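As a basis for the values below, the full set of heavy atoms in this structure was taken, side chains included, without hydrogen atoms, waters or symmetry mates. Values in this document were obtained by computation on a predicted structure and should not be read as measured data.
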Amino acid sequence: MPDDSPQADPDDDLVARARAGDTRAFDALILRYGEKLYGLVYNMTSHKEDTHDLLQDIFAKAYHSLPRFRGQSSFYTWVYQIAVNMTLNFLKKRKRRAGMSLNDLDSGVLDDPALIDDAHMANPEKQSNLHELQKRLNEAMRGLSEPHRTVVTLFDIQGLPHAEIAKILRLSEGTVRSRLHYAHLHLQSLLQDYWEE
Amino acid sequence: MKPSVEQIQNLLALKRHEAPEEGYMEDFLVEFHRRRRQEAVRTTGLAANWQRLVDWFSNVGTSRKIYAGGLAYATVLAALLLAPRDSPELVQPTVPVRNEVVPAKDKAVQQLEELDLSPASKGQTGEQEF
């Protein structure tokens, strides 16, 4: 994860060049953060096409807003703020759409070969259990409220520290910790039935 | 039995490895540039200015929007209160005309009254002999 101290933003040079109109510099920023943001948006939306379109919109917004980026935070924090806000807005709109069914959502991890644990490759039974567990986890994640899913995605999946999440969400660290605590409790209860089997 | 928080976190950590398929980001960039070109064609002139305004507003925080809204409201209110207008309150009420005319004294009459024309002063003050 990039260093967020104001004196050493690793993106300073690329950001300055992109602000000056260097599209290649902005491309480099997209390549640097694209996959991370893809993971963030995908874990929030559970839908590949939505993730793709949202990611396009997020980088378009960042591109247009770059002249107004004053460097008060790192580029990394700033672009994450844009991504989280736009994703939450999108989820609100999607919730209002009556036609959206849970069946439209991806099974997520089941389709992703990167998630197959090498240690379990030789043991199909364990691999199958892991898949089942991940499926239940995805369902449980969808059962969380959006604020809870956001902090779980940023902390447990993206691996960001509490302080960074607090900056991105413009919350206090205490609120971030509190939301995480309740989100974990909720996940525990949602996964309880499966764990008993 | 409930899973522990650590067990849940371990399970969630596996999702860190989720990534788009190989070559996705390169295709993403191509599409990104294609969309920017279409956007540039679409948003020219007035449309571009409007887009900039929309972008600016969407970047302004909620507190600033509230502040700006309050300021705009106060400005409109002040303009309404301070603007000159022909309101009925400003028309002077009609006063009935007084028909009694008191003529002012003529200046020449006043001067005559001030002169001492008593008999004692005759032939002394201002007397001239021809």
Side-chain angles (χ1 to χ4, degrees), chain A residues 23 26-27 30-31 34-36 38-39 42-43 48 51-52 55-57 59-61 63-65 67-69 82 85-86 108-109 111-117 130 133-134 136-138 140-141 152-153 155-159 170 180-181 183-185 187-192 194-197, chain B residues 1-69 71:
Chain A
T23 51
F26 195 77
D27 289 354
I30 291 178
L31 291 174
E35 286 197 6
K36 273 271 190 189
Y38 183 95
Y42 182 59
N43 280 298
K48 278 184 181 171
T51 301
H52 175 78
L55 203 58
Q56 285 284 348
D57 292 344
F59 279 116
K61 171 104 173 172
Y63 181 75
H64 289 304
S65 304
R68 290 186 293 278
F69 173 60
I82 293 173
N85 288 337
M86 288 184 73
V109 70
D111 301 329
D112 194 338
L115 276 167
I116 297 171
D117 184 353
L130 183 65
L133 204 55
Q134 287 284 355
R136 297 290 176 129
L137 181 67
N138 288 341
M141 281 284 284
V152 167
T153 302
F155 183 78
D156 293 311
I157 301 176
Q158 298 260 299
R170 295 188 178 99
L180 259 178
H181 173 71
H184 286 154
L185 288 182
L187 283 176
Q188 276 182 309
S189 66
L190 288 170
L191 291 168
Q192 185 177 5
Y194 182 73
W195 235 263
E196 282 173 347
E197 285 171 15
Chain B
M1 191 185 88
K2 276 186 181 177
S4 68
V5 171
E6 286 72 28
Q7 283 172 317
I8 290 174
Q9 286 184 313
N10 288 339
L11 207 52
L12 286 165
L14 284 175
K15 289 166 79 65
R16 275 178 209 173
H17 304 289
E18 281 176 346
E21 58 271 21
E22 190 85 16
Y24 171 80
M25 287 313 298
E26 284 72 24
D27 294 342
F28 180 89
L29 266 184
V30 171
E31 188 179 336
F32 182 77
H33 286 294
R34 184 177 54 77
R35 287 191 186 201
R36 296 291 72 72
R37 280 194 298 274
Q38 286 176 345
E39 192 181 74
V41 171
R42 204 171 49 244
T43 58
T44 51
L46 195 62
N49 289 332
W50 175 252
Q51 186 61 44
R52 273 197 285 275
L53 188 70
V54 168
D55 285 347
W56 184 83
F57 266 107
S58 60
N59 281 310
V60 172
T62 311
S63 58
R64 285 187 183 182
K65 276 180 188 164
I66 292 168
Y67 177 74
L71 199 66

Undergrad: Between Glu21(B) and chain A, with a heavy-atom cut-off of 4.5 Å, which part of the residue counts as in contact: side chain, backbone, both or neither?
TA: neither
Undergrad: Given that the side chain runs from C-beta out, which part of Ile82(A) has a heavy atom under 4.5 Å from chain B: side chain, backbone, both or neither?
TA: neither
Undergrad: For Glu35(A), give me all partners under side-chain hydrogen bond (donor to acceptor under 3.5 Å, both in side chains), at least two apart in sequence or on another chain.
TA: none
Undergrad: Give the member of His184(A), Gln188(A), Gln158(A) that has the highest number of heavy-atom pairs under 4.5 Å with chain B.
TA: Gln188(A)
Undergrad: Using the rule given for side-chain contact (heavy atoms from CB on, under 4.5 Å), can you reason through Lys15(B) versus Leu137(A), listing the C-alpha separation, both sets of side-chain angles and the distance that settles it, and then say yes or no?
TA: CA-CA 10 Å; Lys15(B) 289 166 79 65; Leu137(A) 181 67; 4.0 Å; yes
Undergrad: Between Phe32(B) and Arg36(B), is there a cation-pi geometry (under 6.0 Å to ring centre, at most 45° from the normal)?
TA: yes
Undergrad: Which heavy atom in Tyr63(A) sits nearest to a heavy atom in Pro67(A), and how many Å separate them?
TA: O-CD, 3.9 Å
Undergrad: Might you confirm whether atom CZ of Arg170(A) has over 12 heavy atoms from other residues, nucleotides or ligands at distances under 6.0 Å?
TA: no
Undergrad: Name the region of Asn85(A), side chain, backbone, both or neither, that has any atom closer than 4.5 Å to a heavy atom of chain B.
TA: neither
Undergrad: Would the Phe28(B) and Tyr38(A) ring centres measure less than 6.0 Å apart?
TA: no
Undergrad: Contact part of Ile30(A) toward chain B, heavy-atom cut-off under 4.5 Å: side chain, backbone, both or neither?
TA: both
Undergrad: Answer with side chain, backbone, both or neither: which region of Phe59(A) has an atom nearer than 4.5 Å to a non-hydrogen atom of chain B?
TA: both
Undergrad: What part of Phe155(A) gets closer than 4.5 Å to chain B, counting heavy atoms only: side chain, backbone, both or neither?
TA: both
